[in-house]
Amino acid sequence: MSGAGTGEQDLDLARRRAWEERTTTPLIVLGVGFLGAYALLVLEERLPGWLHLALQILLLLAWAMFGVDVVVRCALTPRGHRIAFLVHHPLDVLSAVLPVFRALRVVSLVHRVRFFRGHGGDAFRARIVSSMLVYAVVFIIFIALATLNAERDAPRATITSFGDAIWWACVTIATVGYGDMYPVTVPGRIFAVMLMIGGIAIVGTASATIVSLFTERIGQLRERPHEEHERARGTHEPPRDGRAADAGGHPDAVPLQDDLRRE
């Protein structure tokens, strides 16, 4: 029974991987389309009616497809592991609820590409660095767009253009915060809090990655002279029974190194 259960779990996992292989590229394209459609809706207020409707349909389609992807992958996960799947994929679940996470989901889809799924050190660092950079760019742009959409028509608003929104988002995520621009609406302040939390996470990840990389490189530099010394010693080491010859040929002579050890 246990063998049959294990076989069914392996089959379900294989089906889920096959689904992910087939849907990675379409979801990336749909996600990029979602970002472009949302940006166009926010930045261009005087769009033709048909184009506005088409962009709204694209946003709804992206929302629906991301939700379907999470449901199908959860269904293809073996029973008893589905809750763990949802817990370990929070971005996928949240992308079906909140638009900001739908934007970040586009970045997470890149991890399904074969190169970034490697377990070697180079693939891991490439995944961390690429994720850090792309997450930061997408996060800043999307939060800036969302904040602009919430702020520009509000009384006493200080964020009234996309340039203002980008400037505010950059100084906020960098923890500078000049205070010349700030959100005055409740949605805008919610986006500001999300930006602060995201900035801490991104900066922390970047710092940890850089420190880890430097530590690894320093360790390699420290080990290299020792390895070269051991290699040279192994090449030129005299035979063990050659101590008498090194000590002047006298059978009772003791090498200087042994005298030092005794002291």
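Numbers here simply count residues along the sequence, with the first being 1.
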Ignoring hydrogens and angles, write down the donor-acceptor pairs under 3.5 Å from the side chains of residues 39-46, residues two or more places apart or on other chains.
none

Counterpart residues, side chain to side chain contact (heavy atoms under 4.5 Å, CB included), relative to V171 (two or more places apart): W167, V176, Y178

Inter-residue atom distance C170.SG - I141.CD1, 0.5 Å rounding: 9.0 Å

Joint hydrophobic cluster, Y38 plus L51, side-chain heavy atoms closer than 4.5 Å: yes

CD1 on I140 to CZ on F142, rounded to 0.5 Å: 14.0 Å

Atom of P187, atom of A150 and distance for their closest heavy-atom approach: CB-CB, 4.0 Å

Hphob cluster co-occupancy, M181 + V186, side-chain heavy atoms under 4.5 angstrom: yes

With R152 via side chain to side chain donor-acceptor pair (under 3.5 Å) - residues at least two apart: none

Contacts of S161 that satisfy side chain to side chain donor-acceptor pair (under 3.5 Å) - sequence neighbours left out: D164

Exercise: identify the closest heavy-atom pair between A192 and W168: CB-CZ2, 3.5 Å

Path from M194 to V137 over hydrophobic side-chain contacts below 4.5 Å: yes

Rounded distance (nearest 0.5 Å) linking atom CG of L55 with atom CG of L47: 6.5 Å

Remaining members of the apolar cluster that contains L11, side-chain heavy atoms under 4.5 Å: none

For L53, all residues meeting side chain to side chain contact (heavy atoms under 4.5 Å, CB included), sequence neighbours excluded: I57

P78: partners by side chain to side chain contact (heavy atoms under 4.5 Å, CB included), with sequence neighbours left out: Q9, D12, L13, H81

Heavy-atom closest contact (A144 atom, A169 atom, distance): CB-CB, 4.3 Å

Residues which pass side chain to side chain donor-acceptor pair (under 3.5 Å) with D153, listed by chain and number, not counting sequence neighbours: none

Atom of R82, atom of T77 and distance for their closest heavy-atom approach: NE-O, 3.0 Å

W19 vs R16 side-chain heavy atoms within contact, under 4.5 Å: no

Student check: side-chain heavy atoms of T185 and T147 closer than 4.5 Å: no

Value rounded to 0.5 Å, distance of OG1 in T25 from CG in L30: 12.5 Å

Interatomic spacing from CD1 in I159 to CZ in F191 - rounded to 0.5 Å: 11.5 Å

Linked hydrophobic residues, I83 as query - side chain contacts closer than 4.5 Å: V87

Sub-4.5 Å side-chain heavy-atom contact between T160 and E151: no

For P155, side chain to side chain contact (heavy atoms under 4.5 Å, CB included) partners two or more places apart: none

Atom pair CG (L58) and CH2 (W63), whose distance is rounded to the nearest 0.5 Å: 14.0 Å

Side chain proximity check, F162 to L145, heavy atoms < 4.5 angstrom: yes

Other ILVMFWY residues reachable from I200 by side-chain steps of under 4.5 Å: none

Cluster companions of V93 among Ile, Leu, Val, Met, Phe, Trp, Tyr (side-chain spacing under 4.5 Å): V70, F85, L86

Close side-chain approach of L195 and F139, heavy atoms under 4.5 Å: yes

Path from I143 to Y182 over hydrophobic side-chain contacts below 4.5 Å: no

